[in-house]
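Structure, as structure tokens:
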Amino acid sequence: MEKQTVEIGITASKETDFSEWYIQTVQKAELADYAPVKGLIVLRPDGYAIWESLQETFNRRFAREGVRNGFLPVLIPESLLGREKEHFAGFNPEVFWVTHSGNSELGDRLALRPTSETLAYTMYSKWVQSWRDLPLKINFWNTALRSEIKATKPFLRTSEFLWQEGHTVHATKEEAERQVHAMLDIYRETVEQELAIPVISGAKSEREKFVGAEYTMAIESIMPDGKALQMGTSHFLAQNFSKPFDVKFADRDNVEHYAWQTSWGVSWRLIGAMIMTHGDDRGMSMPPRVAPVQAVIVPIYRNDKRQRDDVMSAASEVREALESEGVRVHVDDRDDATPGFKFNDWELKGVPLRIEIGPRDVESRSVVAVRRHDGRKESMGVKDLGPAVRGVLEEIQEAMLQKAREKAAGMTFDVSEYAGFKERCGTGFVRAVWCGDEKCEESIKEETGAEIRVIPLGEEKEQGSICIRCGGQGLSTPIFAKGY
RNA sequence: GGGGACGUAGGUUAGCUUGGUAGACUGCCAGCCUCGGGCGCUGGAGAUCGUGGGUUCAAGUCCCACCGUCCCCA
């Protein structure tokens, strides 16, 4: 039975047509679709399941930091949003405004939240009175709205996006700064260990920091097309918001102090990063730890009731064995699709492990297991299959991170002269010495399109080297790249 | 900010130059077939040709306006 090539899978190559490949993967894997309004997307159940899986992971880790979840409204009065001037100026160009209620014009325009600092801290100023109220640590799972006029991409650049924003209040500067770094560490660990995406963490430059923050820490990853993607940020707000918003407390000494604050967030960009990093020409490929379905069982049988029953009961047995080991498993019992169809379908969706069970396997008390990320196929005995599959999933997780690390390392360059610098921009992370002058940063951006993505931890000081742009005394060695 | 392209069925599109019955593939529905890599056969439904106006006996096709989308470059 000869197969014809039918173009229902992905038709663009990741290698040669990255942008098209990405959009097709998102749509054909049924993760998301375009909404009727430009710049907005609709998350479909398979996409939302990934988000829920990320939420679970983060909630677990946030809880260990003493962070609890809350919920904030989407509308913010203009007067509040404008209270911290720099912050407002930074966000104003991309704010959506609600100007009417029915037919009547509102007195105070309402912003659809571009971020919630101003709203959260208005509330915090009521809730924080005493040193006993501190630290206050609340995280909000919600969406933020920022009007994107430039070309949008599902998950990477959309006018509304799912994210979490955490907001903490502390009695001391030291404690707040510790929090900033603790959250950055959680982001780094989660992205590397769960999403199998290697990151570089460090500080943003003055020019690229969050508007209103004293400084911004971030994790950055390099994508296969040579562009950098910001994966998460953690801001030290110092007292920049506590002062205008009156977040203050009476300390043990009965003296009133302004509090020290932090905010931090990751968005569904992580889903985009996961697709770009691990996907291939067959579609999505998910790291086992965040995959909503870790193993899919595909039963194989002829149109013969007895054979079907045998295979299906073997499949159920395997499913139970895996479930009892905590493996998230799904049996694809669709009668109207052929095994070949199902193989392609699950590969497109990125399920890490496929388990085939046919008459031959029932006979030999075994299954055929196929790994999504490298296509490796092996026969496994039904006996003790649960623990064995768990082991395989761990191996896959490790191998995916390893492969991504190698890829990223091959796209990270050290350069010491400007010609080479220009050449590398747009092809990966470019590490180069910088004098610290914003003018150099700006002209580099103008001349190459690259910006400082992050100044890695431990690289803040640079002695004896000269700035890649002006030849002046070097101050640090940032990572430059074009970004999303 | 500048430049380029495109809107025809759920999706991908042919037809437009030279005006005259909107066609294909895929998907969908029904039935048959069978299933270890998108299998085959038969039948069926599905299109205000982006919107509005104009020219014409006749407009998917020509003209004008509008709306929308995508791509590239600062």
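What you see is a predicted model, and the numbers here were worked out from it, not measured in a lab. Letters A, B, ... are given to chains in the order of the sequence lines, protein chains preceding strands, and every chain is numbered from 1.
The same atom, C1', is picked in B:rG19 and in B:rG3; the two are 33 Å apart, to the nearest Å.
Between A:Glu208 and A:Arg453, none of the side-chain N atoms (NZ, or NE/NH1/NH2) sits under 4.0 Å from a carboxylate O, so this pair counts as no salt bridge.
In this structure, A:Asp361 reaches the bases: a heavy-atom distance under 4.0 Å links it to at least one base atom across the strands shown. Residue contacts shown for A:Arg308 are absent, as no nucleic acid heavy atom lies under 4.0 Å away. Contacts of A:Val298 with the nucleic acid, taken as non-hydrogen atoms under 4.0 Å apart, are absent. Counting non-hydrogen atoms under 4.0 angstrom, A:Glu347 reaches a base of the nucleic acid.
Nearer the 5' end of RNA chain B, as judged by each residue's closest nucleotide, is the contact made by A:Asn303, out of A:Asn303 and A:Glu446.
Surrounding CD of A:Glu417 are more than 12 heavy atoms belonging to other residues, nucleotides or ligands, all under 6.0 Å away. Within 6.0 Å of CZ in A:Arg109 there are more than 12 heavy atoms belonging to other residues, nucleotides or ligands.
Side-chain atoms of A:Arg302 and base atoms of B:rG36 include no donor and acceptor less than 3.5 Å apart.
Under the 6.0 Å distance and 45° angle rule, A:Lys227 counts as a cation-pi partner of A:Tyr484.
Residue A:Arg282 places its side chain closer to B:rG37 than to any other of B:rG37, B:rC35, B:rG36.
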